[in-house]
**Q** 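Sharing a structure with you now.
Numbers restart at 1 for each chain; the letters A, B, ... are given by sequence-line order, proteins then strands.
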Amino acid sequence: MTVRPRAWRESMTPWTSPPLLDVRGLAKSYPPRRRGEAPLHVLENVNFSVREGEFIAVIGPSGSGKSTLLNVIAGLESPSAGAVAIEGDPQLERLGRIAYMHQQDLLLPWRTVLENGRIGLELQGEAKQEANRKTAALAERFGLTDVLDQRPWQLSGGMRQRAALLRATLPERRVLLLDEPFGALDAITRSALQAWLTSVLDRQKTAVILVTHDVEEAILLSDRVLVLRGQPGAIAAQFHVPLPRPRSQAAAADPPFIALKSALIHSLQAPWQ
Amino acid sequence: MTPPELHDHTRSPRVYLGLIRDWTPPALLAAAAIALWEGLVWMLDVQRWLLPAPSVIVRELVSSGGLLIDHAATTLTEVLLGFALAAAAGILLAAAVASSRLLERSIYPFIIASQTIPYIAIAPLLLVWVGPEITSKVIVVALISFFPIVVNLVDGLRSTDREVVDVLRTLGANRAQLFLKLHVHAAVPYFMSGLKVAAVTSVIGAVVGEWVGAQAGLGWLMKVSGPQFQTPRVFAAIVVLSAIAIILFLVIAGIEKWLLRRYRRNSR
Ligand SMILES: Nc1ncnc2c1ncn2[C@@H]1O[C@H](COP(=O)(O)OP(=O)(O)OP(=O)(O)O)[C@@H](O)[C@H]1O
Ligand SMILES: [Mg+2]
């Protein structure tokens, strides 16, 4: 059974617009590594939907299936059961329609920042000049103008993450998946990039699903926090964040923020079978 | 960022220091070995048809220079043609093997088995099949050299992490785009390693081919000079052959360095 605190329930969603992304009864298991072993059930009966412009954070312990969830949503892996629909259509091919930024930057070392950034446009067959122009324009907002001609290995970790996000967002998809985008960074760079992310994203109408280990990051950035727990993983709780976006780092000192944080931490620690 | 002029200033002396550091130990070792060889031959009064002293070989290199150059031209032609053929066949085969599991399972075992054939036994047959001209030698070179090229290239085409492939797939890449924008680039360092090995095996292949039957070439020259007790000439031919192999290797290593300057962190 799903234990849900009194925070916010999906049934209470104000259905102003149809969901952009709908995850229904999703399960994922991997076949056993050796014969005779049981298959590995990673996700079971995951349900949620995301509306346009909404920012969802998924939080959960290591191994709870957060990356697996994003891989299935992106269309990289097929679900064992259930369906993922974008724009109401579960048959629609999701590869090439959903932006996905992995935990590591995974930039191509033989390409410059400009060439890495524009690759999505290149794959769509966009003319090189036009692709370069768009890339350079967005790079300016990402603070990457000075390093456009450099290769990934010449950049700092924070810059590489921004370059990876540049590559993911340039093709202008309506859904953006972020898998612990700041997990590998130091605390100072991380909070700078969190602030920066709020500023770039709020100008766009994308829906975002952010996977994170960091409770504060989840509350700071999202409209709604999903807690993924268990073996196999399922959504154990959902929290609505009743604070206006974008939020500054200072919001972390507000009483509602603190109350939410302790409720979240509690739901992550509460016994769960 | 370092301003370019500063960069150039600090760089050139460092480059020379690096060259001196890299080349001094092997040069000293070679000099010592040659001196020892020279000394032993004179001290023990070894006959020159048995083992010529280095100074005798150098004199032979100078006096038979024209002859050596003529035969070297034949051998070099065989090496370059065979090498090019091996590279072309290697690229086609590797692309086929890497593109489909079925092709891999059907072709790859034969590629590996082909390397167990003793080419010294095939070479006389080739002579019968295609005649004593240069063609049979080109084929032997290609047969010996395509193997390192294929094996390295197949490994290279497979070297890309699944996650990087996934990144491009989410960006909408199809199979052809994955191949051209990802796998091919990732394979370049491996391909160049294969070419370096093939450069050396090509020279060996040419000598094997000429030994079995030819009308010219350094291998043929060695074969006919030995029984005539012209041992200095045999050694002179070996020196020229080594020089060809080393130069070929260095040319490819130079191209490799130029190509991989962009990959720096990945390669060394
Ligand atoms: N391709 C696969 N084959 C078999 N098992 C897999 C595969 N991918 C993931 N798993 C397993 O699924 C489980 C969940 O993995 P996943 O990477 O989704 O967790 P996560 O929540 O993202 O963890 P983390 O926070 O450490 O990144 C793990 O036990 C992992 O071993
Ligand atoms: Mg993960």
**Q** Taking atom CD as the centre, does B/Gln115 end up with more than 12 heavy-atom neighbours from other residues, nucleotides or ligands that are less than 6.0 angstrom away?
**A**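 Above 12, so yes.
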**Q** Within a strict 4.5 Å, meaning less than it, do heavy atoms of the A/Leu76 and B/Thr170 side chains meet?
**A**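 Yes, their side chains come closer than 4.5 Å.
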**Q** Measuring from B/Leu168:CG to A/Arg167:CZ, what's the distance to the nearest 0.5 Å?
**A**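 Answer rounded to 0.5 Å: 7.0 Å.
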**Q** Nearest 0.5 Å, what's the CG-CG distance between B/Leu171 and A/Leu123?
**A**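 Here the rounded value is 6.0 Å.
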**Q** If you compare all heavy atoms of B/Lys181 against all heavy atoms of A/Trp110, which two are closest, and at what distance to 0.1 Å?
**A**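 Smallest heavy-atom distance, with atoms named: O-CZ2, 3.8 Å.
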**Q** With a 4.5 Å heavy-atom cut-off (strictly below), which parts of residues 63-74 of chain A touch chain B? List them by number.
**A**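 Those residues of residues 63-74 of chain A which have a heavy atom under 4.5 Å from chain B are A/Ala74.
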**Q** Is atom CD of A/Glu172 surrounded by more than 12 heavy atoms (other residues, nucleotides or ligands) closer than 6.0 Å?
**A**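 Not buried by this count: 12 neighbours or fewer within 6.0 Å.
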**Q** Give the member of A/Glu93, A/Arg97, A/Gln104, A/Met101 that has the highest number of heavy-atom pairs under 4.5 Å with chain B.
**A**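 If we count pairs closer than 4.5 Å to chain B, A/Gln104 comes out on top.
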**Q** Hey, is CD1 on A/Ile188 packed in by over 12 heavy atoms from elsewhere, all under 6.0 Å?
**A**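 Counting other residues, nucleotides and ligands, CD1 of A/Ile188 stays at 12 neighbours or fewer.
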**Q** Say you draw a straight line from CG of B/Asp166 to CG of A/Leu106; how long is it, rounded to the nearest 0.5 Å?
**A**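 That separation rounds to 9.0 Å.
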**Q** Please classify the contact between A/Glu77 and chain B as side chain, backbone, both or neither, with a heavy-atom cut-off of under 4.5 Å.
**A**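 Only the side chain of A/Glu77 comes within 4.5 Å of chain B.
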